[in-house]
Amino acid sequence: MNEFQVVDSVMPDVPPPSADQLAAARERVLAATQAPAGSVVRAGRRSWTGMALVAAAVALIVGAVVILVPRPASEPVAVTPMQKLEAAAARLAATPEAKGRFWRRDTEHVMRTKNGYDYKVEERAMEVLAFGPNREVYGWREPISSKPYTAEGLEAWRQDGSPRLCPARGCDKNMPAFGSADLDLGLELADGLKPTLAELRSLPKEPAALRARLLESYDPQVAAEREPWLEGAVSRLINSPATPGTRAAAYLLLAKAPGIKVVDDIPGTFGLDGLALQFQWGQIVIDRMTGRLLGRQRLAPEGVAWGAEIVRKAGWSDVRPVPPFTCVRCTARL
């Protein structure tokens, strides 16, 4: 076995050097090991010099090969919508919650309708729902605006004399806001399932365990079909004061429900751009990076979005919610 066979035996499993590279290396090594005529060099020293040069050549070649070997690939990036949802749910579950005595959610409601006009109008309103430490609940709704949302509708509205469109701010000066209906049902998830705030916060953070816990409240005398009942409960749970871990588990549980699929790159008609849990009637939209609930889109049978509930903010703080001054039935106790 010559020096180059030794080199080959210790090299990693990579493409071998070319014939030209081998020939050049051989010439350099042989030339260096031959002492010039007339020089006086002892045999032992020549042997050690040759071995040292061979070792240097081996180091150079192996070093060059190591540089050429590609680095290990990084962790695979989530590519399917379900993988993206799992990653987003994991990030949500790991998100620390803000501290506070009051949980509050501000939701902007959008609806597209004709509403008695000859042109299509987009109505917007803001709804607040909040819970306090002593079983208090707050809820009210304020109209924001009504206006045409297509170029044709805007032109028709102008030709109609640009009338004031209601509901909108200022349309009813005596009642600028009104109480949300059924405040005492604020924490109800489904028929027969109305946990306290403490019970809601203690729900499991793993999909299978969460499913089992929720089904403990299922009553076939109240709801005929179990899976639709469970689907409704879970879809409300993700928009509640439940812990991030429970809401993350709810995403994964809902994703496996019959008739629901996870989709990405949905048309963000109302600015809702993210992953979506898609039902027949609509979509629950989730931020890809944080797992935060962005809102819901309501779909017509042909798949066109006609309404939305956009979560503008949700979380805990020590700020007590204050309903508008003239709001009637905007507070209650659970």
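Residue numbers start at 1 and run along the sequence shown. Since this is a predicted model, take the numbers as computed values, not measurements.
- Once rounded to the nearest 0.5 Å, the distance linking CH2 of W316 with CZ of R101 reads 11.0 Å.
- Taking every heavy atom of both residues into account, P167 and S146 meet most closely at O-OG, 2.5 Å.
- The two atoms that bring R124 and F270 nearest to each other are NH2-CD2, 4.5 Å, heavy atoms only.
- Each side chain to side chain donor-acceptor pair (under 3.5 Å) pair with one or both residues in residues 218-233, not counting sequence neighbours, appears once here: R211-E227.
- Side-chain heavy atoms closer than 4.5 Å link hydrophobic residues (I, L, V, M, F, W, Y) into clusters, and following such links, possibly through other members, connects L189 to F131.
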Verdict with supporting geometry, T243 and K205, side-chain contact (heavy atoms from CB on, under 4.5 Å): CA-CA 8 Å; T243 65; K205 300 175 178 61; 3.6 Å; yes

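- Note that CZ of R296 is 9.5 Å distant from OG1 of T107, once rounded to the nearest 0.5 Å.
- In this structure, CG on L92 lies 5.5 Å from CZ on R247, to the nearest 0.5 angstrom.
- Put simply, the side chain of T113 does not reach to within 4.5 Å of the side chain of W306, judged on heavy atoms.
- The distance from the CD1 atom of I286 to the CG atom of L277 is 4.5 Å, given to the nearest 0.5 Å.
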R141/H109 under side-chain contact (heavy atoms from CB on, under 4.5 Å): CA gap, chis, key distance, verdict: CA-CA 10 Å; R141 187 182 180 105; H109 292 254; 3.7 Å; yes

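- In D318, the CG atom is crowded: over 12 heavy atoms of neighbouring residues, nucleotides or ligands sit closer than 6.0 Å.
- With respect to the salt-bridge test (charged N to carboxylate O, under 4.0 angstrom), the residues R298 and E309 qualify.
- The two atoms that bring A89 and A248 nearest to each other are O-CB, 3.2 Å, heavy atoms only.
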From CA spacing to verdict: side-chain contact (heavy atoms from CB on, under 4.5 Å), W140, E127: CA-CA 6 Å; W140 64 88; E127 185 174 40; over 6 Å; no

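- In the hydrophobic clustering of this structure, W103 groups with L200; members are Ile, Leu, Val, Met, Phe, Trp, Tyr whose side-chain heavy atoms approach within less than 4.5 Å, directly or through other members.
- Cluster membership for L254 and W281, using ILVMFWY side-chain heavy atoms within less than 4.5 angstrom, is shared.
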N239 and R105: CA distance, side-chain angles, deciding distance, side-chain contact (heavy atoms from CB on, under 4.5 Å) verdict: CA-CA 9 Å; N239 199 16; R105 182 188 71 214; 3.2 Å; yes

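- L275 and A88 get closest at one heavy-atom pair: CD1-CB, 4.5 Å.
- None of L294, D287, L293 except one satisfies the side chain to side chain contact (heavy atoms under 4.5 Å, CB included) rule with T290; the exception is D287.
- Looking only at atom types and distance, the side chain of Q83 has a donor-acceptor partner in the side chain of T80 under 3.5 Å away.
- Between K147 and E122 there is no salt bridge, since no side-chain N of the basic residue sits under 4.0 Å from a carboxylate O of the acidic one.
- Not counting sequence neighbours, the partners of D106 by the salt bridge (Lys or Arg N to Asp or Glu O under 4.0 Å) test are R104.
- Of the possible polar contacts, none joining the S145 side chain to the A168 backbone as a donor-acceptor pair under 3.5 Å is found.
- Contact check for N134 versus R333: side-chain heavy atoms found under the 4.5 Å cut-off.
- No path of Ile, Leu, Val, Met, Phe, Trp and Tyr side chains, each step under 4.5 Å between heavy atoms, connects L129 with I310, placing them in separate hydrophobic clusters.
- When all heavy atoms of L252 and P207 are compared, the pair lying nearest together is CB-CG, 3.9 Å.
- Residues passing the side chain to side chain contact (heavy atoms under 4.5 Å, CB included) test with L185, sequence neighbours excluded: D182, E188, K194.
- Counting only heavy atoms from C-beta outward, the side chains of L183 and Y138 never approach each other to under 4.5 Å.
- Interatomic distance, NZ of K120 versus CG of L154, reported as 14.5 Å (0.5 Å rounding).
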Do any side-chain atoms of residues 322-332 form donor-acceptor pairs under 3.5 angstrom with protein atoms, and if so which ones, sequence neighbours left out?
none

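- Separating the CG atom in L215 from the CG atom in L210 is a distance of 9.5 Å, to the nearest 0.5 Å.
- Note on M82: it does not cluster hydrophobically with V285, by side-chain heavy-atom contacts below 4.5 Å among ILVMFWY residues.
- Checked for salt-bridge contact, E199 and R201 miss the test: no charged N lies under 4.0 Å from a carboxylate O.
- Side chains of D160 and P163 form a contact here, defined as non-hydrogen atoms less than 4.5 Å apart.
- A heavy-atom distance below 4.5 Å is found between the side chains of L165 and Y119.
- Looking at E302, its side chain never comes within 3.5 Å of a backbone N or O of V304 through a donor-acceptor pair.
- Taking R320 as the reference, E136 meet the salt bridge (Lys or Arg N to Asp or Glu O under 4.0 Å) condition, with sequence neighbours excluded.
- Across all their heavy atoms, V234 and A250 have their closest contact at CG1-O, 3.4 Å.
- You'll find the side chain of R112 stays beyond 4.5 Å of the side chain of T150, heavy atoms only.
- Side-chain atoms of R213 and L203, non-hydrogen and from C-beta on, do get closer than 4.5 Å to each other.
- Applying the side chain to side chain donor-acceptor pair (under 3.5 Å) test to residues at least two apart or on different chains, the pairs with a partner in residues 259-269 are K84-D264, D264-R288.
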